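Throughout, protein chains are lettered first and strands after them, A, B, ... in sequence-line order, and every chain is numbered starting at 1. This structure is a prediction, so every number in the text was calculated from the model and none was measured.
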Amino acid sequence: MHDIKAIRDNPDLYEQAWSAKGRSGVAAQALELDTTLRAAQTALQEAQSRRNDLSKQIGQAKGRKDEAEASRLMAEVETLKGVLESQGAVERDTGEALRDLLAGLPNLPAPDVPPGADENDNQEVRRWGEPFAITSPKDHVDLGETLGLMDFEAAARMSGSRFVVLKGQLARLERALGQFMLDLQTREHGYLEVSPPLLVRDEAVFGTGQLPKFAEDLFHTEDGRWLIPTAEVSLTNLVRDQITPTEELPLRLTALTHCFRSEAGASGRDTRGMIRQHQFQKVELVSITTPDQSDKEHERMVGCAEAVLKALELPFRTMLLCSGDMGFSARKTYDLEVWIPSEGRYREISSCSNCGDFQGRRMNARTKAAGEKATRIVHTLNGSGLAVGRTLVAIIENYQDENGAIAIPQALHPYMGGLTRIEAGA
RNA sequence: GGAGAGGUGGCUGAGUGGUCGAAAGCACCGCACUCGAAAUGCGGCGUGCCUUAACGGGCACCGUGGGUUCGAAUCCCACCCUCUCCGCCA
């Protein structure tokens, strides 16, 4: 959500950014609503002021039993009714229209975000590791099914497409990955472990920006709640409607949760395998910071996500997303892409975004320094550290051998009870 | 799910139709007293918005949203949340 005052101060900047996303003219539209709104507010408030004044006099007149004067004053209030109602209606309707308009407009890219239309304009920032030399690599579906530890058919029978059943050592590997990532982020990087709700209200999902525009991407429950598409929703909403003391910032939060996505707009994409599922686990990182800290925190967060891939010795590259490829709430985003041998390319495994004050304003999350009178909207950042399902895919494929066995990265050995390979019959 | 109680400022808590944005206490800030501190005294101390060059002026907010009324923290309706008891339950 944007500050209407900021749009007032710098309409061209907003117009430029939004027209690039196909929403030309909305800045002017917002300003026009704003002008109407403030005129109505002023007119309404003047009438209310007058009414309050007269009502006070009515009370006094009644107090001294002057019924004639009271009736005269009440008649005068009656004449204000028209203005009160009409201006009140204008204020309500215009305010709602303005809020609805602003709520549907995406964040502005930071100045150092490269302009561009889609993923082809993203910039590679750095690369780590070399793709392993694997002759005719199998994909994770082949490998998993041959091992007898990955069953898409059983999942489809009970749940439909985009689900999977993992068994035995693969199920254990998934669990190991979640534990390992969580331990790394809490022990090495100082994040506070949180176990949050997975079902949330409208306001929470509005706060992070999935509502109102992206409702069809989410699962909705019969009692009106939403399954979180990412723990970003639960973690960021921890500061909703709160004034967090500035001394306590930055807040660094992490959670291992399941995530649920309807993938409504992805029909036909990644239908094979575990890359795109309705349900997957993810370790999420969220930072709540002051406005001046957020850029630095963003770089730090990317490092925390990269550390997982380095520890697992998986080749990856770090991409700076261009303006056209960023999500709704982000002002700057880095994606980590891990090497997927069967596809012969890098694929997204983490996305780290600085949202600036965009989400903070939507959820009224503020901070105040001791001794200061003014509050400021906090900055929020989120990143995956990492997506567990896709990391599992990357390990299976990158660590396969010619016999279809999977070597387990050293960092995970303690989490696998010392097991170093997954072989058929395990 | 059933029955009941309740949601007021950072906290405790008074207020059941008019001068209440709201008593009082605590906490906090400033000043005085003091060598200093404590105690005491005096003063200050919510948020958002509109308006103004500024000083200032105004509006709204007593869980949320509606309604009644000239006027609502106070009356009515709906919803949300908390607590107690009963039931059910991992």
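- Between the CZ atom of A:R92 and the P atom of B:G66 there is a distance of 8 Å, rounded to whole Å.
- Side-chain N/O atoms of A:N52 include one lying less than 4.0 angstrom from OP1 or OP2 on B:A60.
- Distance check on atom P: B:C26 versus B:G41 gives 9 Å, rounded to whole Å.
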Per-residue pairing states of RNA chain B in dot-bracket (Watson-Crick or G-U under 3.5 Å; . unpaired, | other strand) read ((((((((.[[[..)..(.....]]].(((((.......))))).((((((....)))))).[[[[[..)....]]]]])))))))....
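- Residue contacts shown for A:R72 are absent, as no nucleic acid heavy atom lies under 4.0 Å away.
- For A:S55, the side-chain atoms get nearest to B:G18 when compared with the rest of B:A60, B:G18, B:G48.
- Contact check, A:T375 against B:G48: a side-chain N or O comes under 4.0 Å of OP1 or OP2.
- At B:C59, one or more side-chain N or O atoms of A:S49 fall inside 4.0 Å of OP1 or OP2 (strictly under the cut-off).
- B:G4 and B:C79 have their P atoms separated by 15 Å, with the value rounded to a whole Å.
- Between the C1' atoms of B:G25 and B:U82, the separation comes to 25 Å (whole Å).
- At the phosphate of B:G58, neither OP1 nor OP2 sits under 4.0 Å from any side-chain N or O atom of A:R50.
- Look at CD on A:Q48: it is 17 Å from P on B:C49, rounded to the nearest Å.
- In this structure, A:E203 places its CD atom 18 Å from P of B:G63, rounding to the nearest Å.
- Looking at A:R38 and A:D34, a side-chain N of the basic residue comes within less than 4.0 Å of a carboxylate O on the acidic one, giving a salt bridge.
- Salt-bridge check for A:R269 with A:E263: failed, with every basic side-chain N at 4.0 Å or more from each acidic carboxylate O.
- Aromatic ring orientation, A:Y334 versus A:H298: tilted (interplanar angle from 30° to 60°).
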Given A:H140 and A:M150, is the side-chain contact (heavy atoms from CB on, under 4.5 Å) satisfied, shown in steps? CA-CA 9 Å; A:H140 66 281; A:M150 186 182 288; 4.2 Å; yes
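- Nucleotides B:A23 and B:C75 place their C1' atoms 23 Å apart, quoted to the nearest Å.
- Between A:W18 and A:Y14, the angle of the ring planes lies from 30° to 60°, which puts this pair in the tilted group.
- For the C1' atoms, the distance from B:G65 to B:G15 is 24 Å, rounded to whole Å.
- A:S353 and A:T333 form a side-chain donor-acceptor contact under 3.5 Å, judged by distance and modelled atom types alone.
- Across the interface with RNA chain B, nearest-nucleotide mapping of A:Q45 and A:Q60 shows A:Q60 to be the residue nearer the 5′ end.
- Taking the P atoms as reference points, B:G10 lies 15 Å from B:C45, given to the whole Å.
- Comparing B:C29 with B:A39, their P atoms sit 13 Å apart, to the nearest whole Å.
- What separates CG of A:D53 from C1' of B:G18 is a distance of 13 Å, to the nearest Å.
- Position along RNA chain B of the nearest nucleotide to A:K56 versus A:K5 favours A:K56 as the more 5'-ward residue.
- The pair A:D223-A:R225 meets the salt-bridge criterion, with a side-chain N (NZ, NE, NH1 or NH2) lying under 4.0 Å from an Asp/Glu carboxylate O.
- For B:U74 and B:G7, the C1' atoms lie 15 Å apart once the distance is rounded to whole Å.
- In this structure, A:R201 reaches the B:C81 phosphate: one of its side-chain N or O atoms is under 4.0 Å from OP1 or OP2.
- The two atoms that bring A:R362 and A:A103 nearest to each other are NH1-O, 3.2 Å, heavy atoms only.
- Between A:R38 and B:C49 there is no side-chain N or O to OP1 or OP2 distance below 4.0 Å.
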Could you walk me through whether A:H2 and A:F358 satisfy the ring-ring contact (aromatic ring centres under 6.0 Å, His included) test, starting with their C-alpha distance in whole Å, then the side-chain angles of each, then the deciding distance to 0.1 Å, before giving a yes or no? CA-CA 6 Å; A:H2 291 280; A:F358 188 84; 5.3 Å; yes
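- A:L80 has its CG atom 13 Å from the P atom of B:C70, to the nearest Å.
- For A:R8, a side-chain nitrogen or oxygen approaches OP1 or OP2 of B:C50 to under 4.0 Å.
- Using a 4.0 Å heavy-atom criterion, one finds that A:I58 contacts the bases of the nucleic acid, with or without backbone contacts as well.
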